[in-house]
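The structure appears below as structure tokens.
Every heavy atom of this structure was used, including side-chain atoms; hydrogens, water molecules and symmetry mates were not. Since the model is a prediction, treat every value here as computed from it, not as a measurement.
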There are 2 protein chains.
Amino acid sequence: MRGRNEGMGPWWHGRFRGCGYRITAGRDAILDVLTRANKHLSAEDIYLKVHSIYPAIGLTSVYRTLEILADMGLVLKFDFGDGRARYELAEGSKSSHHHHLVCTGCNRVIDYTDFIDEEVELLKRTEKGLSDKYNFRITNHLIQFYGLCDKCAKKKGGE
Amino acid sequence: MRGRNEGMGPWWHGRFRGCGYRITAGRDAILDVLTRANKHLSAEDIYLKVHSIYPAIGLTSVYRTLEILADMGLVLKFDFGDGRARYELAEGSKSSHHHHLVCTGCNRVIDYTDFIDEEVELLKRTEKGLSDKYNFRITNHLIQFYGLCDKCAKKKGGE
DNA sequence: CTCATTATTGGAAATGGTTCCCATTATCAA
DNA sequence: TTGATAATGGGAACCATTTCCAATAATGAG
Ligand SMILES: [Mn+2]
Ligand SMILES: [Mn+2]
Ligand SMILES: [Zn+2]
Ligand SMILES: [Zn+2]
């Protein structure tokens with residue numbers, strides 16, 4: 001009845017060691033926060049959350065760790081147009097592959113998975129075609145829709 | 001045999017006046033550069049090009065004008081991950097709607113229109129669905145593929 | 001055309017997210 | 001346990017973009 005991870009650390013330890021990275025308290029805490037988070041956090045958001053658990057953390061280390069995680073493909077880095085990068089754990093236990101709906105009025109971001117199957121299917125074909133034609137090794141894609149959320153549309157429409 | 005624009009200024013003068021904006025030499029020069037450009041220019045790129053034609057221009061005005069143009073939908077603003085915004089004239093005389101292929105190795109960007117019809121058709125359906133479900137007024141979308149161009153793939157593969 | 005109104009301008013300074021630097025510390029293989 | 005060295009944190013540097021404001025120029029009324 002024991003969990004099958006009895007005795008070993010969290011899932012990401014293996015990935016880290018595999019890439020030659022050391023396991024540190026700071027990195028553990030950052031992954032912890034990312035795993036727990038359901039929103040799209042900025043580096044400072046993450047720094048503050050980690051800081052309350054592990055006060056020795058430095059903002060610089062947060063940036064460094066996020067860069068490593070992004071390189072390893074464990075987190076995704078987004079630009080939603082508010083001047084700071086946003087991070088979220090890539091496809092994992094909780095989250096599944098999704099795209100974003102961004103309100104240009106209030107910067108609210110909605111994760112959507114509707115139509116994701118059709119989209120992914122078309123994307124696969126497109127990727128294949130583009131890879132062949134332009135000799136590109138495609139590793140990732142970004143799809144975002146921009147517009148006004150209900151509240152912002154009302155606000156603008158009412159004036 | 002005269003051009004049908006005899007006597008009136010360039011095409012964007014109407015758009016500007018319609019929005020209550022004044023026509024200035026700086027704005028004319030910026031639009032000129034944007035119309036002529038075929039690459040994805042940064043604000044500084046534009047500033048330098050305009051400066052050689054109209055030396056009185058200031059970088060601040062370039063930023064201001066680009067913001068106006070983006071708001072009016074005449075130019076599109078992109079983030080290709082190199083730390084500065086890139087601008088291109090929206091669907092116009094020369095350019096047609098297209099998406100981007102971004103090399104994460106050297107930051108090269110390729111405009112592609114392959115599959116654009118299928119993509120746009122799916123996007124339309126997706127937009128409709130998302131608008132209804134999330135009550136969003138969608139005005140725009142962004143699609144980018146990331147990967148390594150042939151040169152960068154070779155460089156990494158060879159090591 | 002002349003003039004008054006006021007949007008626009010350029011330059012300098014401020015902003016703020018991110019990166020760099022480096023002396024100190026912590027990890028981990030041997 | 002210990003040595004090699006990866007990782008750290010904090011302050012300073014970086015740099016694209018904004019802010020500020022006095023000077024200027026575009027526009028419409030007369
Ligand atoms: Mn998301
Ligand atoms: Mn383009
Ligand atoms: Zn909104
Ligand atoms: Zn490349």
Side-chain angles (χ1 to χ4, degrees), chain A residues 8-10 12-31 33 40-72 75 77-87 107, chain B residues 8-10 12-31 33 40-72 75 77-87 107:
Chain A
M8 16 171 154
W12 62 78
H13 282 195
R15 300 289 302 265
F16 262 71
R17 281 196 234 276
C19 296
Y21 293 118
R22 295 180 178 176
I23 313 290
T24 71
R27 289 175 177 172
D28 267 348
I30 290 168
L31 264 300
V33 164
H40 306 92
L41 303 176
S42 69
E44 196 185 6
D45 291 338
I46 295 168
Y47 168 74
L48 291 173
K49 282 180 188 291
V50 170
H51 189 266
S52 71
I53 297 173
Y54 177 68
I57 195 74
L59 181 55
T60 307
S61 288
V62 172
Y63 277 107
R64 272 185 302 231
T65 302
L66 287 171
E67 190 184 353
I68 288 174
L69 291 170
D71 282 348
M72 296 197 311
V75 310
K77 182 179 181 180
F78 292 101
D79 168 31
F80 294 136
D82 67 342
R84 65 197 62 192
R86 301 274 166 177
Y87 301 85
N107 280 317
Chain B
M8 17 170 154
W12 62 78
H13 281 195
R15 299 289 302 265
F16 261 71
R17 281 196 233 277
C19 296
Y21 293 117
R22 295 179 179 178
I23 313 291
T24 70
R27 288 174 177 172
D28 267 347
I30 290 168
L31 265 300
V33 164
H40 306 91
L41 303 176
S42 68
E44 196 186 5
D45 291 338
I46 295 167
Y47 167 74
L48 291 172
K49 281 181 189 292
V50 170
H51 189 266
S52 71
I53 298 174
Y54 177 69
I57 195 74
L59 181 55
T60 308
S61 288
V62 173
Y63 276 108
R64 273 185 301 230
T65 302
L66 287 171
E67 190 183 353
I68 288 175
L69 291 171
D71 283 348
M72 296 197 312
V75 310
K77 182 179 181 180
F78 292 99
D79 168 31
F80 294 136
D82 66 341
R84 66 198 61 194
R86 300 275 166 177
Y87 301 85
N107 280 318

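Side-chain atoms of A:His40 and A:Asp45 form no donor-acceptor pair, as typed in the model, at a separation below 3.5 Å.
For the pair B:Asp28 CG and C:dT8 C1', the interatomic distance rounds to 14 Å; values are reported in whole Å. Across the protein-nucleic acid pair, A:Leu59 atom CG and C:dG17 atom P stand 10 Å apart, rounded to whole Å. A:Tyr47 has its OH atom 14 Å from the P atom of C:dG17, to the nearest Å. Summarising the geometry, the separation between NE2 on A:His13 and C1' on C:dC28 is reported as 14 Å, rounded to the nearest angstrom. Between the P atom of C:dA4 and the CZ atom of B:Arg22 lies a distance of 16 Å, rounded to the nearest Å. For the pair A:Arg64 CZ and C:dC20 P, the computed distance is 11 Å after rounding to whole Å. Distance CD1 (B:Ile23) to C1' (C:dA7): 12 Å, rounded to an integer number of Å. Rounded to whole Å, the distance from CZ on A:Arg17 to C1' on C:dT27 is 10 Å.
Listed by chain and number, the residues in a side chain to side chain donor-acceptor pair (under 3.5 Å) with B:Asp82 are B:Arg86 (sequence neighbours excluded).
Checking the phosphate oxygens (OP1, OP2) of C:dG17, a side-chain nitrogen or oxygen of A:Arg84 falls inside 4.0 Å. Within the structure, a side-chain polar atom (N or O) of B:Arg27 is placed less than 4.0 Å from OP1 or OP2 of C:dT8.
Taking both residues in full, the closest heavy atoms of A:Pro10 and A:Asp28 are given as CG-OD1, 4.5 Å, listed atom of the first, atom of the second, then distance. Here the closest heavy-atom approach between residue A:Ser61 and residue A:Ile30 is recorded as O-CD1, 4.2 Å.
Of all nucleotides in DNA chain D having an atom under 4.0 Å from a heavy atom of chain A, the first and last in 5' to 3' order are D:dT5 to D:dG11.
You'll find the side chain of A:Glu44 stays beyond 4.5 Å of the side chain of A:Val62, heavy atoms only. Side-chain contact check for B:Arg15 versus B:Tyr21: every heavy-atom pair is 4.5 Å or farther apart.
Considering only side-chain atoms of B:Thr60, the nucleotide from C:dT18, C:dG11, C:dG17 that sits closest is C:dG11.
Sorted by first and then second residue, the pairs that involve residues 47-72 of chain B and meet ring-ring contact (aromatic ring centres under 6.0 Å, His included), not counting sequence neighbours, are B:Tyr47-B:His51.
Residues A:Val62 and B:Tyr87 each lie close to DNA chain D; by heavy-atom proximity, the contact nearer the 5' end of the strand is made by A:Val62. If B:Arg86 and A:Ala56 are placed on DNA chain D by their nearest nucleotide, the residue sitting closer to the 5' end is A:Ala56.
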